[in-house]
Amino acid sequence: MFFDELDLEEEILDGLWDMHFEEMTPVQEATIPVILEGHDLIGCAQTGTGKTAAYTLPLLNKLLIEGNPDNVIKAVIIVPTRELAQQIDQQFQGFSYYLPVSTTVVYGGGDGKGWDVQKRGMLMGSDVVIATPGRMISHLQNSGVDLSHVEYLILDEADRMLDMGFSDDIMKIISYMPKERQTLLFSATLPPKIRQLAKTILRDPREVNIAISKPNDAIDQSAYICHEAQKLGIIKELFKEPTDSKTIIFSSSKLKVKELTHTLKRMKMEVAAMHSDLDQAQREEVMLAFKNNHVKILVATDIVARGIDIEDIGLVINYDVPHDPEDYIHRIGRTGRADATGSAITFVSDAEQGKFHQIEEFIEREVRKATLPESVGEGPVYAPELGKKQGGRGRNKGGKSGRGRGRRDKGAQASDNRKRKPQSKKENAAPATSSEAQSKPVSSEQSAEGNRKPRSKRRGHRRRKPAKESENITPNPRQAE
């Protein structure tokens with residue numbers, strides 16, 4: 001289905017045309033008409049399916065039709081992290097290019113100047129406020145922000161917000177809003193706690209379940225069954241040959257991230273660390289360097305496992321097995337976005353075999369066990385059912401050996417892991433996109449099929465409509481600290 005088949009205003013369609021967005025993703029096709037009709041919604045969709053555009057476009061359409069003559073806050077989007085807030089604001093700026101719609105991004109960190117910019121933006125009546133829960137409550141208590149005119153509330157990545165302990169904060173923010181509003185809740189999963197939240201804050205919601213949390217089929221998954229001391233040696237072998245694509249190495253420990261980054265820098269690798277001990281300015285500097293290819297390898301905690309959309313990430317490495325299968329899904333989901341392929345490698349030590357087996361059961365497939373490079377020596381048997389004590393060294397005694405078997409393994413295995421095509425296609429898998437808001441571009445040949453002719457006025461250039469006064473002080477996502 002194409003965007004111009006929807007009942008969207010011309011200014012929005014013009015912006016989509018200029019951005020080469022024509023065809024909708026499944027989550028957009030299923031949710032946008034429901035939102036335009038004014039229904040509350042529970043949307044289950046994982047990262048990479050285009051859910052940001054699924055709520056951004058109908059919201060912009062409603063704001064354009066209704067206007068905001070009283071300069072009040074009409075829509076609030078609550079998200080778990082500042083990085084996701086910034087990314088959503090960037091999507092709004094693109095989609096609303098021809099619209100007089102203003103946004104304010106509200107999150108912690110930075111200095112007093114950032115606080116003042118956020119406060120001024122909300123008091124002057126930004127159409128849309130994109131906020132993290134803690135910072136929003138601080139403004140409600142100290143800045144005199146008025147949410148009594150809010151007509152649209154969106155909770156994005158609701159499951160993660162509840163996991164982070166924001167349940168009470170969310171309810172407190174909602175208490176400042178009128179009960180008569182349209183509420184949209186998006187989550188990668190729908191556990192009982194999400195159902196309970198939806199029952200509390202939504203009214204007769206429609207439910208759209210597009211993507212059960214499973215990895216994208218475009219991601220080639222593999223695992224090295226190894227001893228903890230062998231992990232660094234595998235890293236050395238994987239990066240013996242330079243690569244043009246970016247790599248994220250995930251670890252669950254801030255201390256391990258710092259130590260690994262220091263070690264890789266000593267090995268003359270272009271690497272940077274990303275973890276919660278960095279202040280906002282440092283985080284933005286690291287992410288900008290990574291996006292611009294000044295840094296090829298990002299060593300990070302799960303702080304970048306969700307809500308970060310960076311192109312050309314060809315490889316994700318789990319230096320340790322994540323504690324939760326959902327974290328595994330989100331980690332490896334940083335690669336294989338849009339129509340691109342990618343590789344995900346997990347290092348599984350003796351003590352982590354049980355956790356990794358749980359991940360395999362969760363994703364309902366056995367992850368390919370790669371042969372260890374010859375240089376690191378022989379690894380343990382993969383025998384999670386036997387337990388740690390019985391899962392020691394061996395050669396295929398009830399499990400798959402990690403022993404190296406030839407000279408080819410040194411360099412070719414790393415190349416295989418990066419370039420191997422997906423092994424299978426799942427019938428109902430939802431396609432990922434290169435951005436949370438992006439649909440697949442359609443070529444001119446595809447547009448011509450079925451005598452679909454683009455609207456002639458979209459071939460020219462339009463002047464942007466003048467922004468409201470409040471838009472002039474809308475913080476740039478890289479300046480609002």
Student: Suppose the criterion is ring-ring contact (aromatic ring centres under 6.0 Å, His included): which pairs have a residue in residues 138-171, not counting sequence neighbours?
Tutor: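 Sorted result for residues 138-171: Trp115-His139.
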Student: Counting only heavy atoms from other residues, nucleotides and ligands, does the tally under 6.0 Å from CG of Asp7 exceed 12?
Tutor: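 No, because the 6.0 Å sphere around CG of Asp7 holds 12 heavy atoms or fewer from other groups.
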Student: Between Gln28 (side chain only) and Gly50 (backbone N and O only), is there a donor and an acceptor less than 3.5 Å apart?
Tutor: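 Here the side-chain-to-backbone pair exists.
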Student: I'd like to know if the side chain of Asn142 reaches the main chain of Ser138, judged simply by a donor and an acceptor atom lying under 3.5 Å from each other, with no hydrogens or angles considered.
Tutor: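 Here the side-chain-to-backbone pair exists.
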Student: So which heavy atom on Ser251 is nearest to which on Lys256, and how close?
Tutor: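 Scanning both residues, the minimum pair turns out to be OG-CD, 3.3 Å.
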Student: Is a side-chain N or O of Asp116 found less than 3.5 angstrom from the main chain of Arg120, in a donor-acceptor match?
Tutor: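 A pair under 3.5 Å: no.
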Student: Using the salt bridge (charged side-chain N to carboxylate O under 4.0 Å, His left out) criterion, which residues pair with Lys231? Sequence neighbours excluded.
Tutor: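 Listed in chain order: Glu228, Glu352.
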Student: Using the salt bridge (charged side-chain N to carboxylate O under 4.0 Å, His left out) criterion, which residues pair with Arg331? Sequence neighbours excluded.
Tutor: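 Salt bridge (charged side-chain N to carboxylate O under 4.0 Å, His left out) list for Arg331, sorted by chain: Asp302, Asp320.
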Student: Working to the nearest 0.5 Å, report the span between CD1 of Ile12 and CG of Leu60.
Tutor: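 Those atoms lie 5.5 Å apart.
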Student: Once ring-ring contact (aromatic ring centres under 6.0 Å, His included) is applied, what residue pairs with a partner in residues 179-202 remain, sequence neighbours excluded?
Tutor: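 ring-ring contact (aromatic ring centres under 6.0 Å, His included) check on residues 179-202 returns Tyr55-Phe186.
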Student: Evaluate Ile332 against Phe250 for side-chain contact (heavy atoms from CB on, under 4.5 Å), listing each step before the verdict.
Tutor: CA-CA 9 Å; Ile332 71 173; Phe250 280 107; over 6 Å; no
Student: Tell me every residue that passes side-chain contact (heavy atoms from CB on, under 4.5 Å) with Val295, counting only those two or more places apart in sequence or in another chain.
Tutor: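 With neighbours one apart ignored, the set is Ala272, Ala289, Phe290.
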Student: Among residues at least two apart in sequence or on other chains, which ones pass side chain to side chain donor-acceptor pair (under 3.5 Å) with Asp146?
Tutor: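 Partners of Asp146 under the side chain to side chain donor-acceptor pair (under 3.5 Å) test: Ser148.
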Student: Flag the pair Thr183 / Arg181 as yes when at least one side-chain heavy-atom distance between them is below 4.5 Å, and no otherwise.
Tutor: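 With C-beta onward as the side chain, the pair touches.
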Student: Evaluate the side chain to side chain donor-acceptor pair (under 3.5 Å) criterion for residues Tyr328 and Gln221: first the C-alpha distance (whole Å), next the side-chain angles of each, then the deciding distance (0.1 Å), finally the verdict.
Tutor: CA-CA 11 Å; Tyr328 176 82; Gln221 302 175 63; 2.6 Å; yes
Student: Measuring from atom CG of Asp324 to atom NE2 of His330, what distance do you get when rounded to the nearest 0.5 angstrom?
Tutor: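 So the CG of Asp324 and the NE2 of His330 are separated by 9.0 Å.
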Student: Run Thr263 and Leu232 through side-chain contact (heavy atoms from CB on, under 4.5 Å) and show every step you take.
Tutor: CA-CA 9 Å; Thr263 300; Leu232 189 58; 3.6 Å; yes
Student: Residues two or more places apart in sequence or in another chain: which of them pass side-chain contact (heavy atoms from CB on, under 4.5 Å) with Glu285?
Tutor: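 If we apply the side-chain contact (heavy atoms from CB on, under 4.5 Å) test to Glu285, skipping adjacent residues, there are no hits.
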Student: Which salt bridge (Lys or Arg N to Asp or Glu O under 4.0 Å) pairs, counting each pair once, include a residue from residues 267-278, with sequence neighbours left out?
Tutor: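 Passing the test, one end in residues 267-278: Lys254-Asp277, Lys258-Asp277.
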Student: Apply side chain to side chain donor-acceptor pair (under 3.5 Å) to Glu180 and list each qualifying residue two or more places apart in sequence or on a separate chain.
Tutor: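 Partners of Glu180 under the side chain to side chain donor-acceptor pair (under 3.5 Å) test: Arg203.
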Student: By salt bridge (charged side-chain N to carboxylate O under 4.0 Å, His left out), which residues pair with Arg283, not counting sequence neighbours?
Tutor: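 Expected list: Glu83.
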Student: Roughly how far apart are Leu260 CG and Lys265 NZ, rounded to 0.5 Å?
Tutor: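 Nearest 0.5 Å value for the CG-NZ distance: 11.5 Å.
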Student: Under a 3.5 Å distance rule, please check whether Thr301 uses its side chain to pair with a backbone N or O of His275 as donor and acceptor.
Tutor: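 It does not hold such a pair.
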Student: Under the criterion side-chain contact (heavy atoms from CB on, under 4.5 Å), I'd like the reasoning laid out for Arg160 against Thr81: C-alpha separation, chi angles, the key distance, then a yes or no.
Tutor: CA-CA 10 Å; Arg160 188 180 183 192; Thr81 66; 3.5 Å; yes
Student: Roughly how far apart are Lys355 NZ and Ile359 CD1, rounded to 0.5 Å?
Tutor: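 Answer rounded to 0.5 Å: 8.0 Å.
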Student: Looking at CZ of Arg206 and CG of Leu184, how far apart are the two atoms once the value is rounded to the nearest 0.5 Å?
Tutor: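 So the CZ of Arg206 and the CG of Leu184 are separated by 12.5 Å.
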Student: Check for a donor-acceptor pair, side chain of Ser126 on one end and backbone N or O of Val128 on the other, with a separation under 3.5 Å.
Tutor: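 Answer holds: no.
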Student: Looking at CG of Leu140 and CG of Asp169, how far apart are the two atoms once the value is rounded to the nearest 0.5 Å?
Tutor: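 Separation between the atoms: 10.5 Å.
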Student: Does the side chain of Tyr97 pick up a donor-acceptor pair with the side chain of Asp14 at under 3.5 Å?
Tutor: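 Result is no, nothing qualifies.
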Student: Test side-chain contact (heavy atoms from CB on, under 4.5 Å) on Ile173 and Met177; report intermediate values, then the result.
Tutor: CA-CA 7 Å; Ile173 294 171; Met177 300 179 183; 3.8 Å; yes
Student: Between Lys51 and Asp156, is there a side-chain N and carboxylate O pair less than 4.0 Å apart?
Tutor: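 Yes.
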Student: Under 3.5 Å, is there a donor-acceptor pair between the side chain of Ser187 and the main chain of Cys44?
Tutor: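 Checked: no pair found.
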Student: Quick one: which residue pairs count as a salt bridge (Lys or Arg N to Asp or Glu O under 4.0 Å) with a foot in residues 55-70, not counting sequence neighbours?
Tutor: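 Residue pairs passing salt bridge (Lys or Arg N to Asp or Glu O under 4.0 Å), neighbours aside: Glu66-Lys74.
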Student: Taking only residues two or more places apart in sequence, or in another chain, which ones meet Glu37 in a salt bridge (charged side-chain N to carboxylate O under 4.0 Å, His left out)?
Tutor: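 For Glu37, no residue satisfies salt bridge (charged side-chain N to carboxylate O under 4.0 Å, His left out) once neighbours in sequence are set aside.
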Student: Would the distance check show the side chain of Thr56 and the main-chain N or O of Thr52 forming a donor-acceptor pair, the cut-off being under 3.5 Å?
Tutor: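 A pair under 3.5 Å: yes.
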Student: Which residue is it: Asp159, Asp40, Ile154, Leu155? I am looking for the one with a side chain to side chain contact (heavy atoms under 4.5 Å, CB included) to Leu185.
Tutor: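 Between Leu185 and the candidates, side chain to side chain contact (heavy atoms under 4.5 Å, CB included) is satisfied uniquely by Leu155.
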